[in-house]
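By convention in this document, chain letters (A, B, ...) are assigned in the order of the sequence lines, proteins followed by strands, and residues within each chain are numbered from 1.
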Amino acid sequence: MTALAQYAILLGLTLGAVGFVFSLYALARAIGRSREEPGKDVPATAGTLSRDPVWVRYHAKYYGYALLFLAFDMEMAFMYPWAVVYREEGLVALLDMGVFLAILFLGLLYGWSQGALRRQE
Amino acid sequence: MTVLVVLLALAAGAYLIAILESWAVHGRLEPARPAISALALLGRESVLARTPDRLFFEAGPILLLVAGLLAAAVIPLAPGLIVTDLATGALFLNAALAYVLVALIMAGWGPNGAYGMIGGWRFLGQFIAYAMLIVMPITAVAMRAESLSTVTIVQSQAALWNIAYQPLGFVLFVVAAMGLAWLPPLDLPTAPGDLAGGVEAEYTGVRLAVLRLARMVLILALAGATVTFYLGGWLGPWLPAPVWSALKILIVAGLMVSAGRLVPRVREARYLELSWKLGIPLALANIFIVGVIALVVPI
Amino acid sequence: MTIQMFFLAFFGGAAVWFGIVVFRTHSMVRSALALLFSQTAVGLMFLAMQAEFLGVLQIMMMATEMSVMAIFMVMFMMDPGGMGAMEMTHQKRLSLWAGGLGVVAALAAIWLANWGPAVAEVPSAAEQTADLGRELLGRSMFIFQSAGLTILTAMVAATMVAIAPQKERPE
Amino acid sequence: MIGARSGALTGLRRLVANALARDLRGFVVPGMDVAWANGLDLAGTGLHLATTPRHASVLVIIGPLPAGLADAASVAHAQMPRPRAILALEAGDLAPLPAADATGALTQAGLVAALADLRRTIANGAFGSGAREYSAPALETRIEYTCPMHPEVVSDQPGNCPKCGMTLVPRETAAPLSHAGHAMPDMSDGVTAETPPDPVAATHQHGAHHPSGDTKTMVEDTHAGHGHDHAKQTDASAQYTCPMHPEVTSDQPGSCRKCGMFLVPVEDKDAHAGHGHTQTDHSALGSHSDHSAHGGHSGHGAHGGAEVAGIEAHFMSMVDLTRDMPASADGLKMEWIDVPFGPFFPGLPGGLELELTLDGDAVAAAKAESGVSAVNLLREAATSPEAFIDQLAALSPLSPVAYRELACRALEQAAGQNPASDTASARAAAVERERIASHLNWLAGFGTQSGLHWLERRAAGLQLELRHADARGIAALTPRTTALLRRLHRTPLLHDKLNGNGKHADGDALSGPVARAAGSTSDARSDNPVYGALGFGVLTGTGGDARARLTQRTGEIAQSLGLIARAGQIAMPEVQNIGSVSGKGEAIVETPRGAAQLRLTLTGGKVTQAEISTPTAALVALIGAMARGRELGDAMTAIGSLDISPWELTA
């Protein structure tokens, strides 16, 4: 099976899943429509009516990790092709990636020492 | 034809995992329970929040189901029994699983509810913890198999399963997989204790049914991935190939669903800290060890 | 071949349309995820052009990094939910000019550069990945390691900018 | 069925109705702890428990619905998707809620019978014509328009904000509180003229306010004095300045000469911080309009202001925008949102209305109220001793025996009787049995909160068997109890999760396991001769954090088991005939949550005056300091570890 045929199958799988979900929604709508009632559409907060919208500037405390993650994610892009040809290339590949990983591990250690790897209280 | 067989196997597996999970939660083995609750969910109203981001609210469950299905599409159940044997299968699995995060951010942000929003952004923090620990073990597996194709990876374990070859990678991958499917003790986005349902809170009726189905498919795909990478896929003596992979996948899924309930919910800051300060150095060490073994030992 | 062209055009159109949505929407999270899906459409274009490794890598990397961008946008941009429907664009003239010049430069590069003969037989996906690996370890080992150093400087710079040094932290 | 869905009960709908009948998801009001305390094993009956009204199909009401929770129950009922039903166990009249679909006695048998006929009702009535729209006073809404950047700009019709020109966003708020009894004592509904008189911007009035509950005691530790006491101190010499250009000041309102912005009054900074008011100025859209501080609120260059190099006039730089907002610990100025973790939150005691001001997922401020606090102790002027004892026991459904013992001792002291030593030790054993049951109830709640289902199931099951067992039964249950406690302490990562969580300074008003876990040796049982005979020694821990409290409570369970074994037999406390005697009585009993003290006067055999002090007020006062600055999960664990009984928080 050619690669394009496989992509077609995957695209078909995706569209099939979306179609399945919409048919499920249609079945549920056939069973009954939901009735508008006061207070029903307010997001549930354990018995208290909190009407105010909550789309505010969320204070995430993990931005120290997030910045280092972005750099490590880039590193992963190089790891896969290297991993595939690793056994064929032998020691050169090991040393090469050793240097690459060591450089990046330095970045991690630096972040660690500067306190990036903690919940920024 | 094989696509149909795999999809049926997927549906049956998702049902069995639903039984395992309700057994783990309620302590009673009720085979009919998932069917009844699915039918009941179909019968309940599907309420829409007041000022939602309607696109996100609808797209969340659907994207989660598509991510789970595409991840399961590259899992080989037998030598010929796979939806698509991509040459970069392992990478494609990883790409599909990345959209679980996008789906949960949408599901959390969509309904404009406090618990959901906090759950969504908390899962992003959890993603940053487990993301590296999924990618690096897969790299070590690909190093040994010299290919990213999942079928080749399974065939490369003919002599020795990867769980024996690289046990450290196995442990890291399983813990990261439990984090990815937010199974307890890493159920931070829907923490019943401090977010009362979190991301799932605003979904009712048929949308909740789709969300729960998507999660079952996701758990099945992750169990399949663990079996493919570390437990030798369909390889095994005596029994035919599909029986082996089905057995292994169900055992791994059962363990993933129930083993975590013995430990209290892990705090997000603690999980991030453990992953980055302990997990990533171990994963790099795992890559280095596998690198050395792969050069020295011919199998 | 024509199916490939169709899908290439379709995904290209999707990428451009999502790109436009990035600027037209008021909600920050929608804008971030529109950019994410625009990049995914570009990844799908790679797949349509039978560059499997690049396509799948693009789809994976962009999903995670745009989500991380989404949280930073929500943290630092005002009214991230877009409830107030404010006009967030600024320096319109400047950016329109920059966009126009960019398109012209891209088109010029496409048509004027000499890409060499179109390869008759596209290597299979597995070979592409292996060739990329050999390339990294062979001719462009230098680029590979300098990329490592660039990533290191990115890490150090990001940490220095974002994390308050120990003594200034209000305990 | 009132909560039915419209539509005829045809083939598919009949199948779905049967599935709905067999898949009941209960949302328990006021809380699981009350259900366990009343001896109900909900999970055992096949009823799944939902953590949010959205995932529930049955509203299970345990015991009489307190007035403070009526609004909250109507909100929870309104937020349940149809088909929904109400199961009431001796709940009396459910004023704002529709009539119950199934009722039963407050016993396990009553529950099972009620569930059986509820399943039949749903199977037949899930789809039908009986459906009627449900509304309640707490749900009515009024549309008002506000500017996301200036919540104090509120108007009744759409338009755009005078300050920054943004289109006003519609927002629903509670309808003006028509019903009587407004909770805020110093409700100054006087119109405060903070914002300059402007036709569009209606003046700042006390708009959205907590719609729920009006007989609540407001225990605020961080929002001292609420937002509107600013109004009282607008002194004559108020200075006006422009938010964007602080150097521009003038004595009377007007517009800034540099950017044309309206000038806002400036209170001097120290007066602002003086009255300990943590400035919760969450400016943008997330704030309740009732207490957003507005001093020196930074607006921005409004229409056609000075042209900053290259940036159009109305560009809002975030630096100016967040100039006066409270910065979090890491210096970032983010918006805070008030999120209620309301009366029916899984893992927290039922009826405790917790409201956290969240900065991301960290708690910036915490405020706790009780929706179920006893209104007044002595209903009619003179009550007979027996009626008084029952009244006091009903005060706290979580520990009725302890309060019954308290009333009996006070009455006996007033009447000058003292019981025989063996009945005294039997009554002490009854209090100890309830202490074990109460601590197991808390452990089950802790299991729900931290995701340990096995702990929740086994602790709740053990508690149900143990609550009414006699001395021999308890001796038989002792091995299972100690096995559960041992396994709890061997749970991996548990101590790592609890360590250093919820630390508090040792307050003097504190008593009970929370104080003893912090090292105090105060225990009302230590100077009681009956306990001395049973060989009682005060158990104290060290650390004063959530882990020390867990260890303290499990230690007290083991200790109480030993006391009961030595006491031999258990008898419920009651009082022989008092006769028409007069006198003053005072007693103190160590309830599972701390020392409760009762003073009463007896005139002619009737109780005419009684005054009680419970340990819960001191515990609730700890919440603010303990939760501030902590991550949401930690704050919940810390608040849960206090084991607060909102019932005992008397007005």
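Taking the side chain as every heavy atom from C-beta outward, D:Thr491 and B:Pro264 approach each other to under 4.5 Å. Put simply, the side chain of D:Leu494 does not reach to within 4.5 Å of the side chain of B:Val263, judged on heavy atoms. Looking at B:Met117 and D:Asp361, their side chains never come closer than 4.5 Å, going by heavy atoms from C-beta outward. Considering only heavy atoms from C-beta on, D:Pro83 stays 4.5 Å or farther from B:Glu45 through its side chain.
Closest of all the heavy-atom pairs between B:Pro192 and D:Pro346 is O-CG, 3.1 Å. In plain terms, the two heavy atoms of D:Asp23 and B:Ser37 that are nearest each other are OD1-CB, 3.3 Å. The minimum heavy-atom distance linking D:Val16 with B:Gly43 is given by the pair CG1-CA, 3.3 Å.
Of the atoms belonging to B:Ala24, it is backbone heavy atoms, and not side-chain ones, that fall under 4.5 Å from chain D. Within the 4.5 angstrom heavy-atom criterion, atoms from both the backbone and the side chain of D:Phe341 approach chain B. Both the backbone and the side chain of B:Leu195 come within contact range of chain D, with heavy atoms under 4.5 Å apart. Heavy atoms of B:Val47 lying under 4.5 Å from chain D belong exclusively to its side chain. Using a 4.5 Å cut-off between heavy atoms, B:Leu39 contacts chain D through both its backbone and its side chain. Contact annotation for D:Arg22: both backbone and side-chain heavy atoms come within less than 4.5 Å of a heavy atom of chain B. Looking at B:Tyr115, only its side chain comes within 4.5 Å of chain D, counting heavy atoms on both sides. Looking at D:Asn18, neither its backbone nor its side chain comes within 4.5 Å of chain B, counting heavy atoms on both sides. The contact between B:Arg44 and chain D is made by backbone and side chain atoms together, counting heavy-atom distances below 4.5 Å. Proximity to chain B is absent for every atom of D:Arg84, based on heavy atoms less than 4.5 angstrom apart. With a threshold of 4.5 angstrom between heavy atoms, D:Leu358 approaches chain B through side-chain atoms but not through N, CA, C or O.
For the residue pair B:His26 and D:His48, a side-chain donor N or O sits within less than 3.5 Å of a side-chain acceptor on the partner.
In terms of heavy-atom pairs under 4.5 angstrom with chain D, the leader among B:Val266, B:Ile36, B:Ile118, B:Thr51 is B:Ile36. The greatest number of non-hydrogen atom pairs below 4.5 Å with chain D, out of B:Glu202, B:Arg261, B:Arg28, B:Arg33, is found for B:Arg33. Here B:Ala201 is the residue among B:Gly197, B:Pro184, B:Ala201 with the most heavy-atom pairs under 4.5 Å with chain D.
One N or O on the side chain of B:Arg267 and one on the backbone of D:Lys497 form a donor-acceptor pair closer than 3.5 Å.
Around the CH2 atom of B:Trp23, the shell of radius 6.0 Å holds no more than 12 heavy atoms that belong to other residues, nucleotides or ligands. Surrounding CZ of D:Arg14 are at most 12 heavy atoms belonging to other residues, nucleotides or ligands under 6.0 Å away.
Listed by first and then second residue, the side chain to side chain donor-acceptor pair (under 3.5 Å) pairs that reach into residues 185-201 of chain B are B:Arg122-B:Asp194, B:Asp187-B:Arg265, B:Asp194-B:Arg265, sequence neighbours excluded.
Atom CG of D:Leu455 sits about 12.0 Å away from atom CG of B:Leu262, to the nearest 0.5 Å. For the atom pair D:Arg13 CZ and B:Leu42 CG, the distance stands at 11.5 Å (nearest 0.5 Å).
Within residues 98-114 of chain B, the residues approaching chain D closer than 4.5 Å by heavy atoms are, in numerical order, B:Ala114.
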